Amino acid sequence: MSHTTVLAGATHLECTGTGETFESEQLIGLSTVGKPLFARYDLDAIEGFDMATVATRRADLWRYAEVLPVRDPKARISLGEGWTPLIDAPRTAARLGVRRVWIKDEGQNPTGSFKARGLCLAVSRALELGAEELAIPSAGNAGSAAAAYGAAAGLPVHVVVPSDTPAPILEEITALGADLQLLDGLISDCGRVVRQGVEEHGWFDLSTLKEPYRVEGKKTMGYELAEQLGGRLPDAIVYPTGGGTGLIGMWKAFDEMERLGWIGSDRPKMFTVQATGCAPMVRAWQEGHEHAETWQGAQTYASGLRVPGAVGDFLILRALRESGGGAVAVSDHVMADWVAKLGIDTGIFTAPEGGATAAAVPMLMEMGLIDEQDEVVLFNTGSGLKYVGMTPID
Ligand SMILES: *Cc1c(COP(=O)(O)O)cnc(C)c1O
């Protein structure tokens with residue numbers, strides 16, 4: 001056997017609730033008990049997948065093909081997603097009073113947000129497994145990413161979003177050829193419309209964590225951090241959390257990387273930041289719960305954070321707890337202040353969600369969860385350009 005053979009593909013899927021295993025080479029949603037499924041790989045059998053080798057590869061997330069589920073190289077759709085810069089931000093570090101700050105600038109992804117990573121994998125995999133029509137409920141950015149990858153794959157996409165989604169995102173979805181439906185309501189209401197289409201028309205549902213592969217795309221952020229920091233991880237990661245795919249994905253990636261020998265057993269403290277107008281994970285973390293109750297009357301101009309409930313809530317809360325991290329909520333106006341400060345300090349026009357990560361740091365220091373010796377990675381999950389015309393609510 002040739003040593004250049006890439007051992008692509010998962011060996012099976014595993015229920016995150018019960019551990020029950022499922023065949024991976026079929027179109028599938030949640031497990032039989034309604035929990036997210038994780039793709040598992042034969043990590044011990046993978047050869048030639050060390051950081052030095054990966055360093056010579058293409059500058060997108062397909063550099064990690066061995067730990068991604070797509071088997072057929074022709075089904076690997078690419079618009080240049082991933083391998084975003086990790087930008088040193090010394091003036092922000094000084095302003096916050098911590099040793100070092102990096103900003104992982106996910107606004108540089110196709111469609112201007114890190115949703116590109118997840119939808120790249122989900123759509124590639126849906127194409128490989130024979131899906132014919134895709135659908136997604138979204139707070140905005142997931143919809144435009146789904147539209148982009150659907151167009152690239154030649155598959156029709158139905159996107160259902162709240163009618164007050166930022167206008168640039170609505171225009172983007174339409175320009176990318178998706179069927180756009182607007183709804184007076186929240187992402188959870190949009191989910192009901194998609195489920196109806198699944199039953200009536202056989203659409204394949206790309207909702208957050210309701211198919212197994214968006215999280216596989218998002219986990220590549222964890223691999224990139226280790227690569228970009230030369231085989232180590234930061235002390236703390238601050239992540240603006242909606243459905244939590246990225247946080248859950250990175251936490252999964254760290255375990256895989258330890259198994260692969262890329263990193264040791266140390267883990268960053270994982271922090272969730274949400275908006276005060278929609279903070280179900282923060283409330284559940286404060287109350288020590290394993291699951292989060294649905295947030296009533298969700299509102300924030302950070303549309304990516306306007307997610308009142310998450311099917312992966314227990315996975316988010318577990319990662320926060322196991323890492324020694326935590327969760328805080330910040331108001332829209334404080335986020336907006338930090339968008340302005342980050343712009344001046346770094347040259348990055350962040351999304352409100354990116355501003356929220358910096359806004360969280362003083363609160364986390366006050367709580368004794370981050371200290372001045374810490375090296376901190378802030379996730380700017382989207383470009384500020386996608387929110388032009390939106391103003392803070394609270
Ligand atoms: C979707 C989104 C989030 C939340 O991401 P999750 O992984 O679903 O928690 C944060 N910021 C932006 C800009 C988003 O589009």
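Sequence positions, counted from 1, serve as the residue numbers for this chain. From a predicted model like this one, the values you see are computed outputs, not experimental measurements. Note that ligands are numbered from 1 as they come in the structure, with each ligand's atoms numbered from 1 the same way.
- Rounded to the nearest 0.5 Å, atoms OG1 (T381) and NZ (K115) are 7.0 Å apart.
- The two residues L30 and G34 make their nearest non-hydrogen contact at CD1-O, 3.7 Å.
- Here the options are E216, E14, E256, the test is salt bridge (Lys or Arg N to Asp or Glu O under 4.0 Å), and the partner is R40; only E14 passes.
- Distance from atom 13 (C) of ligand 1 to its nearest protein heavy atom, with residue and atom name: T381 OG1, 3.3 Å.
- A cation-pi arrangement is absent between K104 and F114, since the terminal nitrogen or guanidinium carbon is not both under 6.0 Å from the aromatic centre and inside a 45° cone about the axis.
- Nearest residue to atom 3 (C) of ligand 1 from E106, M221, K115 is K115 (criterion: closest heavy atom).
- For A351, no nitrogen or oxygen atom sits less than 3.5 Å from a nitrogen or oxygen atom of ligand 1, counting backbone and side chain alike.
- Ligand 1 has no N or O atom lying under 3.5 Å from any N or O atom of T241, backbone or side chain.
- Geometrically, R125 engages Y213 in a cation-pi contact defined by less than 6.0 Å to the ring centre and at most 45° from the axis.
- Ligand 1 has no atom lying under 4.0 Å from any heavy atom of K386.
- In terms of polar-atom proximity, G246 is counted as a contact of ligand 1, with an N or O under 3.5 Å from an N or O of the ligand.
- At the shortest separation from atom 8 (O) of ligand 1 among protein heavy atoms lies G243 N, 3.1 Å.
- Neither the backbone nor the side chain of F379 has a heavy atom within less than 4.0 Å of ligand 1.
- N141 and K386 form a side-chain donor-acceptor contact under 3.5 Å, judged by distance and modelled atom types alone.
- The ligand atoms of ligand 1 that sit less than 4.0 angstrom from a heavy atom of Y387 are 13 (C).
- Proximity of T245 to ligand 1, defined as any heavy-atom pair under 4.0 Å, is shared by backbone and side chain alike.
- Between D44 and R259, at least one side-chain nitrogen of the basic residue sits less than 4.0 Å from a carboxylate oxygen of the acidic one, meeting the salt-bridge criterion.
- Residue-to-ligand polar distances keep G304 apart from ligand 1: every N/O pair is separated by 3.5 Å or more.
- Salt-bridge check for R100 with D88: passed, with a basic side-chain N closer than 4.0 Å to an acidic carboxylate O.
- When only interatomic distances are considered, the shortest N/O to N/O separation between S113 and ligand 1 does not fall below 3.5 Å.
- Using a 4.0 Å heavy-atom cutoff, A142 is absent from the residues neighbouring ligand 1.
- Taking any N or O of G244, backbone or side chain, at least one lies under 3.5 Å from an N or O belonging to ligand 1.
- A side-chain donor-acceptor contact under 3.5 Å links T220 and R117.
- Each of the following atoms of ligand 1 lies closer than 4.0 Å to a heavy atom of Y239: 5 (O), 6 (P), 7 (O), 9 (O).
- Under a 4.0 Å N-O distance rule, the pair R95/D345 qualifies as a salt bridge.
- Annotation: atom 5 (O) of ligand 1 to nearest protein heavy atom, F114 CZ, 3.2 Å.
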